[in-house]
Protein chains: 2
Amino acid sequence: MPRKSPLSAEVAGDLRTLIATEEWEDGRLPSETELAKRLGVSRTTVREALWLLWSEGLLNRQWGVGTFVRGQKPEGVGMGQDFRAVLRDLITSAGYDPSIPNALIEQRPCPSEAAAALNLDEGQPVWFLDRTFAADSNPVVRFWDWMPLVINGRRVDPTATKDLEHDLISFLSESAGCRILRMEAHLRAEGISEEVAETLGRPVGTPIISAVQLCYDDRDRTVVYSQNFYTTDVLPMRLLRNLHR
Amino acid sequence: MPRKSPLSAEVAGDLRTLIATEEWEDGRLPSETELAKRLGVSRTTVREALWLLWSEGLLNRQWGVGTFVRGQKPEGVGMGQDFRAVLRDLITSAGYDPSIPNALIEQRPCPSEAAAALNLDEGQPVWFLDRTFAADSNPVVRFWDWMPLVINGRRVDPTATKDLEHDLISFLSESAGCRILRMEAHLRAEGISEEVAETLGRPVGTPIISAVQLCYDDRDRTVVYSQNFYTTDVLPMRLLRNLHR
DNA sequence: GAGTGGTCTAGACCACTAC
DNA sequence: TAGTGGTCTAGACCACTCC
């Protein structure tokens with residue numbers, strides 16, 4: 001289900017290029033009414049688009065004053081939303097060259113924790129993805145993902161997600177019409193285990209952030225169970241949060 | 001600036017009690033149109049309220065089907081938004097008894113990192129808050145916060161935030177009319193340092209999550225600079241993320 | 001086809017900031 | 001007081017799910 005993209009998303013795109021192209025006094029954008037007129041949409045739609053850009057950290061809005069372009073680059077958003085793309089951007093914006101030195105994608109019997117989360121039987125075959133992300137060939141994160149072979153009645157093949165341009169969430173949306181709406185992660189600090197230490201190139205026992213992550217679709221079904229290992233010595237884990245709406 | 005609360009927030013409250021009181025077949029709420037009629041507001045307002053409850057993890061919405069009450073308790077939200085309240089809830093919902101065994105709030109010369117973030121001069125007096133959170137008298141988190149003495153032209157006194165019922169963000173909103181709209185955190189896994197180990201009751205070197213956190217107001221000024229230390233052996237750090245709006 | 005949530009509009013009024 | 005963003009309305013149409 002490709003699902004037509006909302007007008008507000010297009011408008012957000014227009015605004016993005018507008019921002020990149022035009023110069024305004026003090027980085028101040030035209031008013032919402034003005035933008036609505038200029039872009040030929042309702043003010044509501046403009047507001048939705050502006051909110052989108054604001055939540056990306058691109059804009060700064062002041063009640064009764066105006067909307068301003070925030071000085072710095074957008075930088076990454078933390079957990080969630082287009083996870084790998086964010087990681088790639090984070091790595092890039094930190095001046096490193098992103099890559100995936102190790103990627104293993106195959107079917108495997110489902111381990112018990114994943115089975116419990118995915119509501120499957122233990123030992124039943126599932127997709128297993130083992131991918132490592134690197135900055136300048138220095139490994140920084142390792143992902144382990146488990147997901148069912150069949151989603152929404154369709155067999156899925158995540159082999160394509162081996163490269164940097166594809167992430168699991170858009171893959172699920174495109175190939176199985178499965179939209180991830182919620183994600184939940186539990187973070188723990190741990191000494192790195194022998195198994196992971198090798199791939200990540202750190203001594204056993206080095207502190208890392210270990211995360212168990214669940215992705216839910218629009219029916220609240222768990223679609224992906226993940227275990228992630230973040231080294232934070234080179235790149236810290238970054239979280240942004242917008243309050244009030 | 002107390003600022004009148006939006007109608008949608010009130011409606012969200014009404015819906016909350018409606019949900020707690022009434023019983024529906026399959027936990028299914030009336031349709032948006034129906035709710036709008038019953039509550040005497042526009043459908044837009046109902047939708048805003050529903051979105052609020054959804055983002056709290058209370059509801060589950062299915063396009064073309066309906067809105068459902070999610071089975072479990074809301075559970076905590078991770079970084080950000082009413083941080084300490086969330087921690088308290090997290091601790092409570094995990095079956096522990098929350099407390100603040102140590103709280104020190106005083107004026108101190110501003111250290112250099114805080115000064116850079118807060119745009120102040122190093123050594124200039126600022127408020128310093130050092131608070132430890134415990135679950136069943138087992139310490140789990142230590143917060144260090146630095147903030148200016150004067151915010152929005154008003155002298156502030158955060159001494160009240162010593163107890164469990166008050167958090168910094170609502171304190172700033174109430175006492176200085178300063179609304180925190182964005183927060184940013186950088187997380188690192190570290191071995192616990194000697195200084196913090198003592199208060200947290202863990203051996204030096206135990207892996208913990210160390211966070212540097214910044215709070216921004218509606219003019220993008222940094223208002224609070226924090227350093228936080230999370231032990232994750234008792235309670236993991238929990239992150240929820242809602243995608244797509 | 002009936003009913004739901006998702007999107008969009010045009011217009012109104014309010015709250016805030018600046019002057 | 002003028003101009004901005006914040007909220008709210010009533011109504012319309014679309015996309016989806018289920019029968």
Side-chain angles (χ1 to χ4, degrees), chain A residues 1-12 14-15 24-37 39-54 59-68 152-153 173 177-179 181 217-221 242-245, chain B residues 1-12 14-15 24-37 39-54 59-69 152-153 173 177-179 181 217-220 242-245:
Chain A
M1 324 302 192
R3 189 193 190 199
K4 198 185 123 208
S5 79
L7 180 55
S8 56
E10 285 180 46
V11 172
D14 295 348
L15 285 173
W24 287 289
E25 204 68 30
D26 303 326
R28 182 206 203 88
L29 259 63
S31 73
E32 299 180 346
T33 321
E34 169 65 24
L35 285 173
K37 206 186 309 174
L39 298 169
V41 296
S42 75
R43 194 181 147 214
T44 312
T45 304
V46 167
R47 281 179 59 74
E48 195 67 23
L50 287 174
W51 178 80
L52 204 65
L53 298 180
W54 178 77
L59 298 178
N60 180 22
R61 319 195 66 195
Q62 290 180 36
W63 194 350
V65 184
T67 303
F68 301 84
N152 274 351
S173 163
C178 168
R179 289 189 297 155
L181 292 193
D217 70 2
D218 53 4
R219 307 210 164 170
D220 239 14
R221 294 172 297 203
N242 293 314
L243 314 182
H244 183 252
R245 196 184 163 162
Chain B
M1 322 305 189
R3 188 195 192 197
K4 198 184 125 211
S5 78
L7 181 54
S8 55
E10 285 180 45
V11 171
D14 295 348
L15 286 173
W24 287 287
E25 202 70 30
D26 303 327
R28 182 206 204 88
L29 260 63
S31 72
E32 299 179 346
T33 321
E34 170 64 24
L35 285 172
K37 209 186 306 173
L39 297 169
V41 296
S42 75
R43 194 182 147 215
T44 311
T45 304
V46 168
R47 280 179 60 76
E48 196 67 23
L50 287 174
W51 178 80
L52 205 64
L53 298 181
W54 178 77
L59 299 178
N60 180 22
R61 319 195 67 196
Q62 290 179 34
W63 193 349
V65 184
T67 303
F68 301 83
V69 180
N152 274 351
S173 163
C178 168
R179 289 190 296 154
L181 293 194
D217 71 0
D218 54 3
R219 306 208 166 174
D220 237 15
N242 293 314
L243 314 183
H244 185 252
R245 199 186 157 155

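Remember, it's a predicted structure, so these values are computed and weren't measured experimentally. Letters A, B, ... mirror the listed sequences (proteins, then strands); counts begin at 1.
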By nearest heavy atom, map B:G66 and B:D218 onto DNA chain C; which one lands nearer the 5' end? B:G66

Check the distance between D:dT4's C1' and A:W24's CH2 and give it to me in whole angstrom. 16 Å

Whole-Å distance separating the CZ atom of B:R61 from the P atom of D:dC16: 16 Å

At less than 4.0 Å, is any side-chain N or O atom of A:S8 found next to OP1 or OP2 of C:dC8? Yes or no. yes

Atom-pair distance (CD on B:E32; C1' on D:dC14), nearest Å: 14 Å

Looking at every heavy atom in both B:N60 and A:D218, which two are closest together, and how far apart are they? OD1-O, 3.3 Å

Report the C-alpha distance between A:F68 and B:D220 in whole Å, list the side-chain angles of each, state the deciding distance to 0.1 Å, and finish with yes or no for side chain to side chain contact (heavy atoms under 4.5 Å, CB included). CA-CA 10 Å; A:F68 301 84; B:D220 237 15; over 6 Å; no

In whole angstrom, what separates B:L7's CG from D:dT7's P? 11 Å

Any side-chain N or O of B:R47 below 4.0 angstrom from OP1/OP2 of C:dG6? yes

So which of A:L52, A:L53, A:L59 actually passes side-chain contact (heavy atoms from CB on, under 4.5 Å) with A:L15? A:L53

Once you apply a heavy-atom cut-off of 4.0 Å, does A:T33 come out as touching a base, just sugar-phosphate, or nothing? nothing

Given side chains that start at C-beta, do those of B:R28 and B:V65 come closer than 4.5 Å, heavy atoms only? yes

Without decimals, in angstroms, what is the distance between B:F68 CZ and D:dC18 P? 9 Å

Filtered N/O pairs between nucleotides 10-13 of chain C and protein, under 3.5 Å:
residue	atom	partner	partner atom	Å
C:dA12	N6	A:R43	NH1	3.3

In terms of heavy-atom contacts, A:A49 and A:S8 come closest through CB-O, 3.4 Å

Could you state the atom-to-atom distance from CG of A:D217 to P of D:dC16 in whole Å? 16 Å

Separation of C:dT4 C1' from B:L59 CG (nearest whole Å): 15 Å

Looking at every non-hydrogen atom in both residues, tell me the closest pair between B:R43 and B:T33 and how far apart they are. CD-OG1, 4.3 Å

How many Å lie between CG on A:L53 and P on D:dG5, as a whole number? 14 Å

Would you say B:T45 places a side-chain N or O within less than 4.0 Å of OP1 or OP2 belonging to D:dT9? yes

A:R221 and A:N152 side chains, donor-acceptor separation under 3.5 Å: yes

Which residues pass the side-chain hydrogen bond (donor to acceptor under 3.5 Å, both in side chains) test with A:T45, sequence neighbours left out? A:S42

For the student: nearest non-hydrogen atoms of A:E32 and A:V46, plus distance: O-CG1, 4.1 Å

Give me, pair by pair, the N or O atoms of the protein and of nucleotides 1-3 of chain C that are less than 3.5 Å apart, along with how far apart they are.
residue	atom	partner	partner atom	Å
C:dG3	N2	B:G64	O	2.9

